[in-house]
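Below, chain A is the first sequence line, B the second, and so on; all start at residue 1.
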Amino acid sequence: MERYNFQVIEKKWQIEFSKKKLYREKGNKFYCLEMFPYPSGKIHMGHVRNYTIGDVIARYKYLNGYNVLHPMGWDAFGLPAENASKQNNLHPKDWTNQNIKNMKSQLKMLGLSIDWDLEFSTCDKDYYKHQQEIFIDFFNQGLVSRKETYVNWDPVEKTVLANEQVIDGKGWRSNAIVERKKLSQWFLNITKFSDELLEDLEKLEGWPEKVKLMQKNWIGKSFGCEIDFQIDSEKEFVKIFTTRPDTIFGASFIALSVDHPLSKNFQSNGNFNEFKKECNKTGTTEEALAHAEKIGFDTGLFVKHPFLDKKIPIYFANFVLMDYGTGAIFGCPAHDQRDFDFAKKYNLGIIKVVDDSKLGELEEAYTGSGKLINSDFLNGLDVSAAKEKIISEIESKNIGVRKTLYRLKDWGVSRQRYWGCPIPMIYLEDGSVVPVEKNELPVELPDDIDLNSQGNPLESHPKWKYTTHKATGEKAIRETDTLDTFVDSSWYFLRFCSPNHQKSPFDEEKINYWMPVDQYIGGIEHAILHLLYSRFFTKGLNKFNNKIGISEPFKNLFTQGMVCHESYKDKNGNWLYPNEIIKVDSKTVVKKTDKSKVTVFPPESMSKSKKNTIDPEIMIKDYGADAVRWFILSDSPPEKDVQWSDSGVVSSNKFLQKIWDLNYSINNRKEKKINQKNEKEFISTINSYINKINNSINDFRFNVSIAAFYEIYNHFTSFMKKDLSNSTLKEYIIKINKLMIPFVPHLAHECLNLLKCKSINEWPKIEKSFLEEINFAIQINGKTRDIIKIKKNSKVETINKIVLSGSKAKKYLEDKKIIKTIFVNNKIINYIIK
RNA sequence: GGGGCGAUGGCGGAACUGGUAGACGCGCCAGUCUUAGGAACUGGUCUCGCAAGAGGUGAAGGUUCGAGUCCUUUUCGCCCUACCA
């Protein structure tokens, strides 16, 4: 067998790839983008999968005649750099640049078709300068506001977190229980686009339904109305929000959040304060929240029912949130489960107002549809009609208004951190806040900082902090907060179109040509945050700057699954890396060092904490980049999780070796006799495989493409032995090599080189004339009895003749009466017999 | 609690709009060749059966000439989300 030396050959082609880009003079544009990597220092298998998928698409589109943009850069700001700096006494800038250098060389080892001339980092002042400009534009357009609000304070990271960064009441990174703290913060007013962000989801046909649904739920639009309930014996009102105004005749209590303004009246009430404490104690775990008991505090106050001569008690309740709606609700126990639980506990009335067509007492709330009962003028209407009627009634009585509510909140972007984009605002002595003059940009991050100072190092950097307002010469103080790093990644895809443009964030002409991104590829973990923010930025820029002419940044989105591996624990309960264990047999796994027994845990997403990671660089060095790419694409559909297996990559390597050997053998094959039947059969099958590969690439089913290559290899080896011309074999192995370029670019190029192929930058066309014969199924009573090869569009009569003259199905038809024949062109014929 | 996705051999997974179930790979079994090795090659591998054949896609029912695919019910698993009024 002819050896293939991937170490030497891959390096050789990587030099070629870095010179050769995917641009073409002619052809439609195609912008292929993978999600922005954070420069953590080393690539992991998740990156390998992401960029391999992207590379397949980029190269495939290029070979099919597209002018392809395939850039890469670095999402380089963020907390890890600061933490690492403290540990290693290395400046965040140096730590980040080192990491970038290392990761870039690792990515190059994968043989990706990236145009590195477009590379930039978000921590480059050339980049964040333009970001500051956009921020100021947004500020002038009313898309930025400053609000004094309660924020999610992470006591470990000593910073504010966005709502989206709080998971189960804990910081997404530190896992510390998040505290509430009142701070003045900068907000991007994403809620100004709530409706557009929601409605435009429908335009995104190339997005997974799942992601669109997650965004829809996150925006959380709901219809209903506000109603004012007059507090008995007082002039005050309680304003509530409800989506079920139709159930107002079933109202039996009012529930307020403990933070509701009315709570001021109870500040000196010890019982109330105790109750409030009790509410705050409610656990933060999922389990606790799911089963948290509904508890209330009776205020002793009542409201008047707006349509009945009835008093309704007011409670404070732990399940009412201040930051949604008005922080107050009316409870209709019969038709809301929470209200039902609450009413049971405090013995409040349960009045059925929607007919559930069941007799007797309710055992749980009925939330379905039906006709209204016990509801005066609403009786007999169904739920939606009742809603309409009651809302107009409420509006005409002037006690409330129709209202649409969103769950989406404005995006708090202030971070009390050093390693981020400085917010280009200054505070004047009179207390006003103004943007930095645009010609003063960038507001540069100072290098000389003391990272060991408490809190934000920018706070304790007087030279940087104290400045003057250039327009008036007034003394001023800089904003020392920096921007959330999600801001950095909300427009980088625009910058890639013209990364060196100096005058403005982007060259309009370039944007108009390249945007939107034709294919965006990344992880599902960005389904909400990053993708929603990017959509918001695009809309913000489009609406006010009118520069980009698009309202959605990503035409097609693909979310890949994770890379998984088993994890191992030794007898002392310590996690072990895969290379610290030995598999004795299918059941026994032992530790390398002392041969002690190891417990094996089922595969899950690779993570450093469980040490179930595989270093891509080692795999590339041992088996070659092509083998790693091949394996990661071959084993599972790309949107599903894939399980890394060493034996899988070993066999990938072996197969690629065989492909090389096949090319070599064809190149040196002795000429054989020519057999026309063989020629035709060989070529027609190859054409059906080309068809299969085209379809599977277009559908992102690369595992199916790869299966087809295995079949192709088997097809070639069986025909190598038969009578078939060398020219045919050579012609078609060249086509196959071209089909392999997107998957294994090094090997494919080397093979084409071996065969002295000159025209490599084109995709093989299917020769339709060779796809005339098809497999056709013969069924008897719905059971398949034979498969025959026939010409496309053969007539029933022709098929009948073939069946009766010699097919395996013939014997089933003898002496039988055919009562019906079902014929489906090019597929089956089904004889129904008695 | 709400929402979504899924269930096919020992394993990962194929099967385009209903039309050859199990492609392809891994693993396993047997054989060949061997400086007997975790190399290479050949054959086998859903179940029952010597065979012809029959059964078979989590379970039950339905529609159809024909169901892994469509409908109803149900069980299990995974993911997201959360007192959102």
query = With a 4.5 Å limit on heavy-atom distance, are the side chains of A:E566 and A:N612 in contact?
reply = no
task = Let me know, please, whether A:Y713 or A:G782 comes out on the 5' side of the other along RNA chain B by nearest nucleotide.
result = A:Y713
ask   = A:K216 NZ to B:G2 P: how many Å, rounded?
value = 17 Å
note = Per atom distances to the A:N703 side chain, the nearest of B:C26, B:G19, B:A14 is B:A14
key: Note: A:K692-A:E711 ion pair, threshold 4.0 Å (strictly below)   = yes
query = Base, sugar-phosphate, or nothing for A:N775, non-hydrogen atoms under 4.0 angstrom?
reply = base
message = Taking any heavy-atom pair under 4.0 Å as a contact, classify A:K403: base, sugar-phosphate, or nothing.
response = nothing
Residue A:I828, side-chain heavy atoms: nucleotide from B:G19, B:C84, B:A21 that is nearest = B:G19
message = With rounding to the closest Å, how many angstrom separate the C1' atoms on B:A21 and B:G43?
response = 23 Å
query = Testing A:F342, A:F275, A:F330 for ring-ring contact (aromatic ring centres under 6.0 Å, His included) with A:Y315, which one passes?
reply = A:F342
request  = Can you tell me the distance, in whole Å, between the NZ atom of A:K783 and the P atom of B:U64?
outcome  = 18 Å
key: Distance between P atoms of B:U57 and B:A39 (Å, rounded)   = 37 Å
request  = Kindly say if A:K654 contacts the phosphate of B:A40, meaning a side-chain N or O under 4.0 Å from OP1 or OP2.
outcome  = yes
key: Distance in angstrom units between A:F631 CZ and B:G12 P, rounded   = 13 Å
task = Would you write the dot-bracket representation of RNA chain B, where each base gets (, ), [, ], | or . depending on whether it forms a Watson-Crick or G-U pair under 3.5 Å and with which partner?
result = (((((((..(((......[....)))((((((.......))))))(((....)))..(((((..]....))))))))))))....
message = Students often get this wrong, so: under 4.0 angstrom with heavy atoms, is A:S634 touching a base, only sugar-phosphate, or nothing?
response = nothing
query = Where the side chain of A:R785 is defined as all heavy atoms beyond and including C-beta, which of B:A85, B:A54, B:G19 is the nearest nucleotide?
reply = B:A54
request  = With RNA chain B as reference, determine whether A:V824 or A:I329 sits nearer its 5' end, using the nearest nucleotide of each.
outcome  = A:V824
inquiry  = Would the base of B:G1 count as contacting A:Q337 through its side chain, where contact means a donor and an acceptor less than 3.5 Å apart?
reply    = no
ask   = Between B:C41, B:A85, B:C65, which nucleotide has the shortest distance from any of its atoms to the side chain of A:N830?
value = B:C65
message = Using a heavy-atom cut-off of 4.0 Å across all strands, would you classify A:K658 as base, sugar-phosphate, or nothing?
response = sugar-phosphate
ask   = Quantified in whole Å, what is the P atom distance between nucleotide B:G56 and nucleotide B:G37?
value = 48 Å
inquiry  = Between A:T784 and B:A21, is there a contact of a side-chain N or O with OP1 or OP2 at under 4.0 Å?
reply    = yes
request  = Sticking with atom C1', work out how far B:G53 lies from B:U64, rounded to a whole angstrom.
outcome  = 25 Å
key: Inter-nucleotide C1' distance (B:U69, B:U20), Å rounded   = 15 Å
ask   = Among side-chain atoms of A:N800 and A:Y831, is any donor-acceptor pair under 3.5 angstrom?
value = yes
Donor-acceptor pair present, A:K827 side chain and B:U20 base, under 3.5 Å = no
key: Nearest-angstrom distance, C1' atom, B:G68 to B:U17   = 16 Å
inquiry  = Quick check against the 3.5 Å criterion: does A:K592 have a side-chain atom that pairs as donor or acceptor with the backbone of A:N579?
reply    = yes
key: Candidates B:G13, B:G4, B:U42 - which lies nearest the side chain of A:K721   = B:U42
ask   = Which residues satisfy the side chain to side chain donor-acceptor pair (under 3.5 Å) test with A:D699, sequence neighbours excluded?
value = A:R701
message = If I take atom NZ in residue A:K640 and atom P in nucleotide B:A7, what distance separates them, rounded to the nearest angstrom?
response = 7 Å
Nearest listed nucleotide, side chain of A:I832, among B:A85, B:C65, B:G55 = B:C65
key: Spacing of the P atoms in B:G55 and B:G66 (rounded, Å)   = 14 Å
ask   = At under 4.0 Å between heavy atoms, what does A:V642 touch on the DNA or RNA strands: base, sugar-phosphate, or nothing?
value = nothing
request  = Using the P atom on both, measure B:G9 against B:A60 and round to a whole Å.
outcome  = 15 Å
key: Chi class for B:G61: syn within 90° of 0, otherwise anti   = anti
note = The complete set of side chain to side chain donor-acceptor pair (under 3.5 Å) pairs with one or both residues in residues 652-666 of chain A, sequence neighbours excluded, reads A:N663-A:N737
query = Which of the following nucleotides, B:U20, B:A14, B:C65, is nearest to the side chain of A:A777?
reply = B:U20
query = With respect to A:W630, which candidate in A:F702, A:F655, A:Y623 satisfies the ring-ring contact (aromatic ring centres under 6.0 Å, His included) definition?
reply = A:F655
key: Rounded distance in Å - OH (A:Y831) to P (B:C65)   = 18 Å
ask   = Which nucleotide sits closest to the side chain of A:M214: B:C65, B:C80, B:G13?
value = B:C80
query = To the nearest angstrom, how far is A:F655 atom CZ from B:G25 atom P?
reply = 8 Å
remark   = Considering only heavy side-chain atoms of A:Y710, the closest of B:C83, B:A82, B:G25 is B:G25
query = Contact class for A:E209 vs. all strands (heavy atom < 4.0 Å): base, sugar-phosphate, or nothing?
reply = nothing
task = Tell whether A:K210 reaches the base of B:C79 with its side chain through a donor-acceptor pair below 3.5 angstrom.
result = no
query = What closest approach, in Å, do A:N703 and A:S636 show between heavy atoms, and which atom pair accounts for it?
reply = CB-O, 3.7 Å
ask   = Nearest-Å distance, CD (A:Q657) to C1' (B:G25)?
value = 18 Å
ask   = So what does A:L213 hit on the nucleic acid, given a heavy-atom distance under 4.0 Å: a base, only sugar-phosphate, or nothing?
value = sugar-phosphate
ask   = Of the candidate nucleotides B:C24, B:C84, B:G12, which contains the atom at the shortest distance from the side chain of A:D635?
value = B:G12
Spacing between A:N714 atom CG and B:G25 atom P, to the nearest angstrom = 6 Å
query = Do the side-chain N and O atoms of A:Y406 and A:D195 include a donor-acceptor pair separated by under 3.5 angstrom?
reply = yes
task = Indicate yes or no: does A:R402 engage A:E388 in a salt bridge with an N to O separation below 4.0 Å.
result = yes
key: Presence of donor-acceptor pair under 3.5 Å, side chain of A:N217 and base of B:U81   = no
